[in-house]
Amino acid sequence: MKAVREVLSGTKSLLVGMRLTLREFFKPTITVQYPHQTLPMPERFRGHIELRRDPETGKALCTACKLCERACPSDCILVDGVKLEGEKKKSVTDYHLNFTQCSLCGACIEACPSDAIQFTKRYNLASQTNDYRNMDLVQRFKDQPEKK
Amino acid sequence: MNAFPASDWLLLGIFLAFVAATVAGALIAVNTVRIIRSVCGLAICCVGLAGLFYFLSSPFLALMEILIYVGAVCVTIIFAVMLAEPDEPTPERLVKPYPILGFLAAAAIAAGVFYGVAHLSLDTGWLNPAASRVNDGSVHAIGVALLTTYSLPFELISLVLLVAILGALAIAHDGRRKG
Amino acid sequence: MLLYDHPQVYLVLAAFLLAVGIYGLLRRRTLIGMLISGELIFAAASLNIMTIQRFISPDPVAGQIFVLFIMGLAAAEVAIALSIIIAIYRNYRSIQAKELSELKG
Amino acid sequence: MIAPKESTAGTPSNETFTLNLGPQHPATHGVLRVKLTMDGEYITRAEPVPGYIHRMHEKMGENRTWAQYLPNTSRVDYLSAMTYTHAYVGAVERALKLEVPLRAEFIRVITSELNRISSHLVGWGAFVMDLGGFTPILYAFDDREKILDLLEAVTGSRLTYCYYRFGGVVADVDTAFLEGCKAFVKHMRPRLDFYRALVTDNIILRKRLEGIGMVSAEMCRRYGACGPVLRGSDVAYDVRKNEPYSIYNQFDFDIPHYPQGDSMARYNVRMDEIEQSLRIIDQAVAKIPEGPIMGKVPRVLKLPVGDFCYATEAARGRLLVRVSSDGKDTPYRVRLRTPCFCNLSLFEEASKGMLLPDAIAFMGSLDLVIPDIDR
Amino acid sequence: MSFFEPYLPAVRLLIFLVGTVAFVGLNAAYLVWVERKGAGRFQRRPGPMEVGPQGLLQPLADGLKLMSKQLIVPPGADATLFRLAPAMVIAPALMCLATIPYSESLLAPRNLNIGLIMVFAFGSINVMAIMLGGWASRNKYAIISAARVVSQNVAYEIPMLLVVITILMVTGTMNLNDIVKQQGPYFWDWNLFRVWENPLMPVTFVIFFICMLAETNRAPFDMAEAESELVAGAFTEYAGMGFGVFFMGEYANILVGCSLATVLFLGGWQSPIGLFPGVWWFFLKLYALVFTVVWIRWTFPRTQFYGLLNLSWKILIPISLVTLLLTAVVMKLPLLF
C-alpha cells in the first residue's frame, strides 16, 4: 500500500514538474542576443582606467604623483611626468597600463588625490593579440576628442 | 518474389553475401586472439545465418535468430567478458606448448568432420519437396503447433529456461560481496 | 534453378559450421572461446534442420519449432555457462581452461 | 614453456582500478582531482588531490599592503565574495578598533545576504546539474542575474566585488538599489515555491538524495566541516547567531537545520537559507538609517603588533580570517580558514563504499568551490 | 507494356529505401535542432539563432564541423571495432524504420507480417553497438558506461516486450499496418483507449513510453552518457563524425521508438477525428511524442542506476504482468458466460 502511494505521489511530482516547464516554454525568452543587442553599462561599471580631462583647460588632470603606481596591488601602472614651464604641478607624459595584469580593483582611483583617473565603460576587450599588455593612456587621451 | 529481369541475380548476390557473412563470421569467431572479436564474429555469423533462414522461407526464424543470438546471446557473452576478463591476454599466455602440432591436429580433425559430413550430404540423392504441405509454416501455424502438438516440449523448454535462470542466479550470486 | 534452391549448398555450409565449431572447441584455450565454438555447432544444427524442413519435410512447422527449441536451449546454456565462468573467475582469477586443472585434485 | 600459475592468477590490482575524477571532469566544477579506487562502480577509496588551482592567496598577503590585499579576498570563493571581504575587513577593523558607521553595516548585511542568495542559487543549479537536470541552473541564473544587476549598479562589478573598505563601504547605495532589493525579495519568494515544485519535490531527485551521503555530526566535528554541511547534520551552528558579527544580532532569522545528515538535508538547508536571507534583507532594507558610509580611517594603515581574527558565515560555512601583524604596513601573515577545504576533507571518509553516481551527488551536496579549497 | 514496366517494383523498392535513409538523416539532423530549440525555450532562451533563419541551418554547420574533425583512434583501442560501432548503431535503426507504415499506402514494399518482431530484432543490435564502442575505446568511463547500457537494456527489454505482447493479444497480428488498420478512424478507437479490452491500457502506454526512453538511453535514463558522472560514457573517445554518427543513431532510435508508440497505441496514420486519414496524422503524433521526449529530458534530473533497475524490476515488470493477465482475463471473459 505504501509502495502504491509512493508510486502515485512520485508520478504526481513528475507531472507537476512537466507542467511547470511547459509553462516556461510558452513564456517569452529573457536572454539578450549579445553581439546584436547590448545592455547599457551601469554608472559604476569598472572598465579599464583612463585619464580625466580638466573641463576648463582641456588638459589631463594627472599630476604624475605616482600614488596610483604605488597603490596598485598588481604593479601594472607606470607613470612618468615632467614639470612644464609656468605650471605649478607636473603634467603627465607617460601613463602605461598593463591591462593583462589589471584586476580592475579600483585602488588607483581611490588613491588618486586629484581625481585624475576614472573607469571607462569599455568591455569588449578580448583579443588574440597582445594589444592590452601595454596600454598607452596618454596616447589614448590625446586621440580622444575633447568633449564640448 | 516480384519478378523483374535481373531479380534472380540480385537475389543470388544477396544470398552469396549471407553465405560469405556466415563463413567469415565463423572463421573470425574461432581464429581471433581477442575474445571480444570472436564474439563479433559470432554475431556476424548469426546475421548471415539469419539471412539463410530467410532464404529457407522462414523470415520469422531469421528475425528470432537476430533477436536471440545477436541481441541476447552475444550481448551476454560480451558482458561476461567484461566481468571476467578485463584485460587482453598477455603474449605470454598465448604461447602454447606445441603451436604447430596443435593447430595441425585440430585442423585435421575439423577437416575430416567437414569432409565426411559434406560428402554425405552431397552424395545423398535428395527427394523433391513433398507435393502437399501440411500447413503454410506461418507464425500463426507455428503458434498453433507449439500449443497443440508440441505443448509438452514447449513446457519443458520453459522449465529448462526457468531452471537455467535460477541456476545462473544461484551460481553468480554466490560470492557477490566477497570482493 | 539457382544456387539458393539447392539443399546441398545449405548442408555443406552446415557441415562447415560444424567443422569450424569443432576446430574452435579444440583450439580455444579460454572457456568463453569454447562457448562461442559451441554456439557455432548449435548454428550448424539449426541450419541442417531448417534445410531439411524446407526441402524435404511435409510439415514446415516442425523444423521451425525445433530450431526455436534449439535457440531456447542455447540461451539457457549461455546463461548457465556464463554464470559458471564468472563463478570460476571469482575463484581462480582466470578463465583459461588450463588453470582449471586444479579441479582434479 | 608453461607460464607459472601466479602470472595469470591475478594480482590485487585486478580487483580494483583507479579512476581519475578530474582534474578536468564535468562534475568537479573546476580543477579538482579526486583519485578514486573503484571496485566496479563502488568506491573503495576516494582521495581528493587539491592543488591544481593553487594561487598563493595567503602568501600574496605578505608582500602587499593591507589595502592592496582587498581584491584578493573576492577571488578565493568567487561565488560569495562579499563575505570573504567582510571577514578580512573585519579583522583589520578589529585590530585598528575602527568604528564602522551604522549605514555601512546595514549595506554590508544587505549585500552579503544578496551575495549569499546568489551563491546558493549557483550552488543549487550546479548541484541539480550534477544530478543530470540541466534546466534548473538556467532558472537559477535568471534569478541570480537580478541580484548581480543590483550589485553591479552599486559596486560596479558582477562577481569580484571588492566593495568593502576598512571602516565602511566604498560607495553609497541609492534608493533605486533599496527599491530593487524590495522588488527582488517580492520576486524571489514565489520563485522558491516554483523551485520546490519543480525540483525539491521531484521523486527522482528525492530518490537520489535521501539517505545518500550520510555525514554525522561527530564526523563534521572531526573534520571541522561547517556551514550547510554541518547544519544538515543537525548542528544549528551559524556564525551569524553563535558568534554574532557586524549587526546580525539586530535581525530576526532562524538557522535552518535538518537531522537526517544526508544529501537531501544539506540541499534543504540551502533552500531554507535563501528564505532566511530574504527575511534579513527585508528587515535591513526597512531599517536602514541615513548617515555616512565611511568611518575615520588613517591615511596610512599600520596595524598594532598581534594576531587578529574575524569569522563570518560565508555561503559555504564558517570563514575565519586571521591576520598577524608585526607593526609594518604589510601583513606578517594572512591565514584564511576556508569552509570548502574542511568540507572536502570529509569526502574521503564519507564516500567509502558509495556508488560513483552517489559520490557525485554527495560531492554536489558539499557545494565545493575549488579555488576556495586551493586558495 | 513498356520497357520499364517490369522494373517498377525494383524502382519502387529503391525509392522507398532512399526515402527511408533520407528521412532518417533529415530527422536525425533536425531532431538535434528541435532538441536545442526546445531546450532553449524550456530555459527561456531562443536556442540556436545564428546560422540561417532561427538557426535552421545549424545542423548543417554542426555536420560540417564534425566531418572536418579527425576521427582519433586512441592508442590501445581496438581500431576495427572502434570504427565499426557507430555504423552498427545507425544501420539497424534504418532497418527498423523501413518497417514502419507511414500511411495506408506508404509502407514497406513487402508488407511484412512480422514487422513488430523485425523492429525488436534490429532494435536489439543497438545495445551491442554501444557496448562494443565502449569496450573498444579502452577508456574506464566508456567501459563503465558499456556495462550500464547492458543491464539497463536487459532490464527494460522485459517490460517492453510484455507490453507489446499485451498489444499483440488485443490486435492478434504482428503486421504493423494491420495493427493501424484495426484502430478505427476516431481517437477512442486507438489502442490507447481500448479500455474494454484492457482497463489498464493507458498505463500500458506509459510503461511502453518509459521503456522506450530507457532503451534509447534518453534522459532521465541516460546512464550510458551521464555527462556529470562518466563524461560522455561510451562516446568519450569518439571525435568528429564517429561521435556524429552515434548521435544520429541515438536520434534515429528515438524516432523508431516514437514511431512504434504511434503505431501501437496512437493509431498510426488514422485520423483522431475521422477526417483525412493520412501520413500527416502519423507525423503529427510522431513529433508530438518526440516533443514529449525532449520535454522530459529538459525537466528531470537523471535517475540513479539502482533506482532505474528498481523501477523496472519492482514497478514496471509487475504492472506489465498484471496488464498482460488482465487482458487475457478480459478477452476470455465471454467464455465464462
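Sequence lines set the chain letters: A, B, ... in the order given, protein chains first and strands last, and positions in each chain run from 1.
One finds the CD1 atom of Ile315(E) at 8.0 Å from the OG1 atom of Thr11(A) (value rounded to the nearest 0.5 Å).
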Next on the checklist: Please determine whether side chain to side chain donor-acceptor pair (under 3.5 Å) holds for the pair Trp298(E) and Thr21(A), giving the CA-CA distance in whole Å, both sets of side-chain angles, and the decisive distance to 0.1 Å.
Outcome noted: CA-CA 8 Å; Trp298(E) 297 107; Thr21(A) 42; over 6 Å; no
Next on the checklist: The test is side-chain contact (heavy atoms from CB on, under 4.5 Å); show your working for Arg45(E) and Ile30(A) and say whether it passes.
Outcome noted: CA-CA 6 Å; Arg45(E) 57 193 175 84; Ile30(A) 47 175; over 6 Å; no
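With a 6.0 Å radius and a threshold of 12 heavy atoms from other residues, nucleotides or ligands, Gln33(A) has its CD atom above the threshold. For NZ of Lys12(A), the number of neighbouring non-hydrogen atoms (other residues, nucleotides, ligands) closer than 6.0 Å is 12 at most. The environment of Arg70(A) atom CZ is sparse: at most 12 non-hydrogen atoms of other residues, nucleotides or ligands sit within 6.0 angstrom.
Tested against Thr299(E) for a side-chain contact (heavy atoms from CB on, under 4.5 Å), the candidates Met18(A), Arg19(A), Glu24(A) yield a single pass: Met18(A).
Using a 4.5 Å heavy-atom cutoff, the side chains of His36(A) and Glu50(E) are in contact.
Not a single donor-acceptor pair under 3.5 Å links the side chain of Arg41(E) to the backbone N or O of Thr29(A).
Contacts between Phe42(E) and chain A at a heavy-atom distance below 4.5 Å involve backbone atoms as well as side-chain atoms.
Note on ring orientation: taking the six-membered ring where Trp is involved, the planes of Phe291(E) and Phe25(A) are perpendicular (angle over 60°, cut-offs 30° and 60°).
Highest contact tally toward chain E, considering only Thr31(A), Val7(A), Leu20(A), Val32(A), is held by Thr31(A) [criterion: heavy-atom pairs under 4.5 Å].
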